[in-house]
Amino acid sequence: MARAASIVSAGKALAEGNVTDQSGNMFGDSPLVLPVGGPLYLQLKRWIEDAIKRGTIKPGDALPSERDLALRADVSRVTVRKAVQQLVQDGVLVQRHGSGTFVAAQTPRVEQSLSQLTSFTEDMARRGMSVRAEWLDGGVYAASPEETVILGLSSGEQVARIARLRLTGDMPLAIERASLSASVLPEPAEIGDSLYKYLDRFGVRPVRAIQRIRAANIAEADAHLLQVPVGSAGLHIERISYLATGRVIELTRSIYRGDTYDFVAELRLGDPSAGAKP
Ligand code: 16G
């Protein structure tokens, strides 16, 4: 009986958008009132998602233990585990070994114009966001046949390769793998924080680029670096950049997190006959 009464009062609190108890504990001590409809684990998943949306549970907050949640939601521990697993897969919750399950940090959405040839550093600075790079690889190598063709290298010419994880604060946003002729960049480590700043210094900053974007499911190694679940949505971007002379200066292939980036292009009414074959 007592339990039925507390469910009613929790339901009233939920309807009023307040699920914290008087002690200020984010989950309170009262039973969770799950939304109706669908399998139990999805009801619990929706309850947790709603609590995050309302701000009742905030990024970084720890989730109560599986046992606690099962008791409070009046469901089995298997149901709790299933709901939590799905939320971890969706990137809503993160599990840290030995310390529990937490609400994931909120990912900022970044809008990037597709009509400006800017660098990662400039894009972030314009938004007032911090930027840093973690080096994954950097060195001078024998060029692959593909690099030789795209970069227009003469036979036997070497390439400088730079692979970097790009982050804002602690949040990884993209992995960029660039190849340039080693004659342009003989010491890859010398680029410092920004490749384009380095190229600018030597008068070889690109003035034009062709960028190809396609959807990609992020594979295991990259997912690990980007701190997203394996197979989550990403954008594979290839940028081939040119000097004013028409020479290709850069071939960069990147994986951007799909949950953080919006690429935006301004479209204008064009001449419908342009591009039509005679
Ligand atoms: C951008 C470019 C990348 C370029 C980098 C230089 C895209 C998809 N890629 O991220 O091709 O190498 O900027 O940035 O926009 P940095 O000067 O900060 O090193």
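Here the structure is a predicted model, which is why all the values come from computation and not from measurement. Order of listing sets the numbers, starting from 1, for every ligand and every atom in it. Worth knowing before you read on, the calculation uses all heavy atoms, side chains too, and leaves out hydrogens, waters and symmetry mates.
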Problem set entry | Donor-acceptor under 3.5 Å (E147 side chain, S144 main chain) | yes
For this session: Examine the proximity of ligand 1 to I237 and report which part, side chain or backbone, both or neither, has a heavy atom under 4.0 Å away.
Result: side chain
Exercise. Which residue and non-hydrogen atom of the protein lie closest to atom 17 (O) of ligand 1, and at what distance in Å?
Worked result: S194 OG, 2.6 Å
Exercise. Is the centre of the Y261 ring less than 6.0 Å from the centre of the F263 ring?
Worked result: yes
Seminar exercise, completed: Between the CD1 atom in I218 and the CD1 atom in I175, the distance rounded to the nearest 0.5 Å is 7.5 Å
For this session: Would you kindly say whether E250 and Y196 are connected by a side-chain donor-acceptor distance under 3.5 Å?
Result: yes
Problem set entry | Under the side-chain hydrogen bond (donor to acceptor under 3.5 Å, both in side chains) test, residues paired with R177 that sit two or more places apart | D222
Exercise. In the protein, what heavy atom is nearest to atom 9 (N) of ligand 1, and what distance, to one decimal place, separates them?
Worked result: E176 OE2, 3.5 Å
Seminar exercise, completed: In this structure, atom 12 (O) of ligand 1 is nearest to the protein heavy atom E250 OE2, 2.6 Å
Exercise. Can an N or O of F263 be found at a distance shorter than 3.5 Å from an N or O of ligand 1?
Worked result: no
Exercise. If you measure from each non-hydrogen atom of E122 to ligand 1, which part falls under 4.0 Å: side chain, backbone, both or neither?
Worked result: neither
Exercise. If you measure from atom 7 (C) of ligand 1 to every heavy atom of R253, H236, R239, R166, which option wins on shortest distance?
Worked result: R239
Problem set entry | Ion pair R166/E176, N-O distance below 4.0 Å | yes
Exercise. Measuring from the heavy atoms of M124, does anything fall under 4.0 Å of ligand 1?
Worked result: no
For this session: Report the C-alpha separation of L151 and S179 in whole Å, then their side-chain angles, then the decisive distance to 0.1 Å, and conclude whether the side-chain contact (heavy atoms from CB on, under 4.5 Å) test is met.
Result: CA-CA 8 Å; L151 295 170; S179 301; 4.2 Å; yes
Seminar exercise, completed: Looking at L195, L117, L251, T118, the heavy atom closest to atom 19 (O) of ligand 1 belongs to L195
For this session: Could you establish whether Y256 and ligand 1 come within less than 4.0 Å of each other, counting only heavy atoms on the residue side?
Result: yes
Exercise. Taking 4.0 angstrom as the limit, do K45 and E49 come out as a salt bridge?
Worked result: yes
Seminar exercise, completed: The answer for which part of T252 has a heavy atom under 4.0 Å from ligand 1 is side chain
Problem set entry | Nearest neighbour in protein (non-hydrogen) for atom 18 (O) of ligand 1 | T121 OG1, 2.3 Å
Problem set entry | Shortest protein contact, atom 13 (O) of ligand 1 (heavy atom only) | F120 N, 3.0 Å
